[in-house]
There are 2 protein chains.
Amino acid sequence: MISASLEDYLEFIHNTILEKKEIKAIDISKAFNISRPSVSEALIKLADKDLIIYEGRKGIKMTKKGIEQAQKTVKKHKILSDFFTKVLKIDREQAEKNACKIEHVIDDEIIEKMENYKESKYKDNE
Amino acid sequence: MISASLEDYLEFIHNTILEKKEIKAIDISKAFNISRPSVSEALIKLADKDLIIYEGRKGIKMTKKGIEQAQKTVKKHKILSDFFTKVLKIDREQAEKNACKIEHVIDDEIIEKMENYKESKYKDNE
DNA sequence: TATCATTGTTAGGCTCTCCTTACTTTTTTC
DNA sequence: GAAAAAAGTAAGGAGAGCCTAACAATGATA
């Protein structure tokens, strides 16, 4: 198990690497508004859990395990965010913000139902 | 602001008083599987925040402020749980479990949409 | 190349929520 | 009414996740 904060950081690291090929600790500090020492601490924890490879200034890399975990979170996030915007007609920004928080506590079964619901019902009304 | 744990305890205290007229610290300990000292600590915090009146063995009472706050949580909980069971066809137990966690992090706007959604759409399919 | 800015680390501290152990106080029950 | 059980409190501790201040290392620039 991993905490909500660490899951957020891992997700961000993953997304940023996909988008910009690399990421530095300072990017996390800025993105989440937390101090540089707190980022260091979090990165060490992620590395301890074998989710990233962290070698200080040499950079941050995802491990296979880290990528798998991050992908799960990203998928949950997307399903939640889509459900909120498309089914409940919530604006994108608020949908994103809430997805970020709920993705850490919701069970997979509900996520699955949301995903299926999307396919079976609301598309008819578009 | 109040933490998720304290909000859970407050909600439980409120529901139990409504149901059984009174509640003791030990009931919270059993319900949430936390130690008696942890309950004491939590009750002192709730009292500090003016949400309950706590006088040790003399009992626990809700304040006006506490009742209002608990009612909000209970309402959120119910809307979430109903949405999960009726719209997403999740079983009651899992719906309850997830409502308990999500109620602490979800925005009011989404709760409102869930409530309205209920009225406008899925009732047609029952 | 010397200086300055940026990035990261160390050390120490804070709050929160939980714990255990060891009382004290109240309530049962024999 | 005395012993035992139940309920609550005090004291001290642990881990998570933050913080600041101070220091070290790297990189850019004049």
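Residue numbering restarts at 1 for every chain, and letters A, B, ... go by the order of the sequence lines.
Taking atom CG of A/Asp8 as the reference point, atom C1' of D/dC18 lies 14 Å away to the nearest angstrom. We find that CG of B/Asp48 is positioned 12 Å from P of C/dT17, with the value rounded to whole Å. Atom CD1 in B/Ile28 sits roughly 13 Å away from atom P in D/dA7 (whole-Å rounding). Taking atom CE of residue A/Met1 and atom P of nucleotide D/dG15, one finds them 18 Å apart after rounding to whole Å. Rounded to a whole Å, the CD1 atom of B/Ile60 is 13 Å from the P atom of D/dA7. D/dC18 atom C1' lies 8 Å from atom CD1 of A/Ile34, rounded to whole Å.
The side chain of B/Lys58 places no N or O atom within less than 4.0 Å of a non-bridging phosphate oxygen (OP1 or OP2) of C/dT26. Close to C/dC16, at under 4.0 Å from its OP1 or OP2, lies no side-chain N or O of B/Ser3. In this structure, A/Ser35 reaches the D/dC19 phosphate: one of its side-chain N or O atoms is under 4.0 Å from OP1 or OP2.
Between the side chain of B/Lys97 and the backbone N or O of A/Asp107 there is no donor-acceptor pair closer than 3.5 Å. A/Lys21 places no side-chain N or O within 3.5 Å of a backbone atom of A/Leu18 that could act as its donor or acceptor partner. In this structure, the side chain of B/Asp27 engages the main chain of B/Lys24 through a donor-acceptor pair within 3.5 Å. Using modelled atom types, no side-chain atom of A/Asn15 and backbone atom of A/Phe12 make a donor-acceptor pair closer than 3.5 Å. With hydrogens and angles ignored, the 3.5 Å screen pairs no side-chain donor or acceptor of A/Lys76 with any backbone N or O of A/Ile111.
Among the protein residues, B/Ser5 comes within range of the sugar-phosphate backbone only, with heavy atoms under 4.0 Å from sugar or phosphate atoms but none that close to a base. In this structure, A/Phe32 reaches neither bases nor backbone, as no heavy-atom distance under 4.0 Å exists between it and the strands shown. B/Asn33 comes within 4.0 angstrom of the backbone, heavy atoms only, and of no base.
For the helix from C/dT1-D/dA30 to C/dC30-D/dG1, the terminal axes (five pairs an end, C1' atoms, rotation from four pairs onto the next four) enclose an angle of 0°, given to 10 degrees.
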For this session: If a protein heavy atom is under 4.0 Å from the base, mark B; if only from the sugar-phosphate, S; if neither, -; do that for nucleotides 5-12 of chain C going 5' to 3'.
Result: --BBBB--

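Each of B/Ile60, B/Leu51, B/Leu6, B/Asp48 was compared with B/Leu43 under the side-chain contact (heavy atoms from CB on, under 4.5 Å) criterion, and only B/Ile60 meets it. When the options A/Lys65, A/Lys64, A/Gln71 are evaluated for a side-chain contact (heavy atoms from CB on, under 4.5 Å) with A/Ile67, the one that passes is A/Gln71.
Evaluation of the side chain to side chain contact (heavy atoms under 4.5 Å, CB included) rule for A/Arg92 yields A/Ser81, A/Asp82, A/Thr85, A/Glu96 as partners, not counting sequence neighbours.
Remark: A/Lys72 NZ is loosely packed, at most 12 non-hydrogen atoms of other residues, nucleotides or ligands lying under 6.0 Å away.
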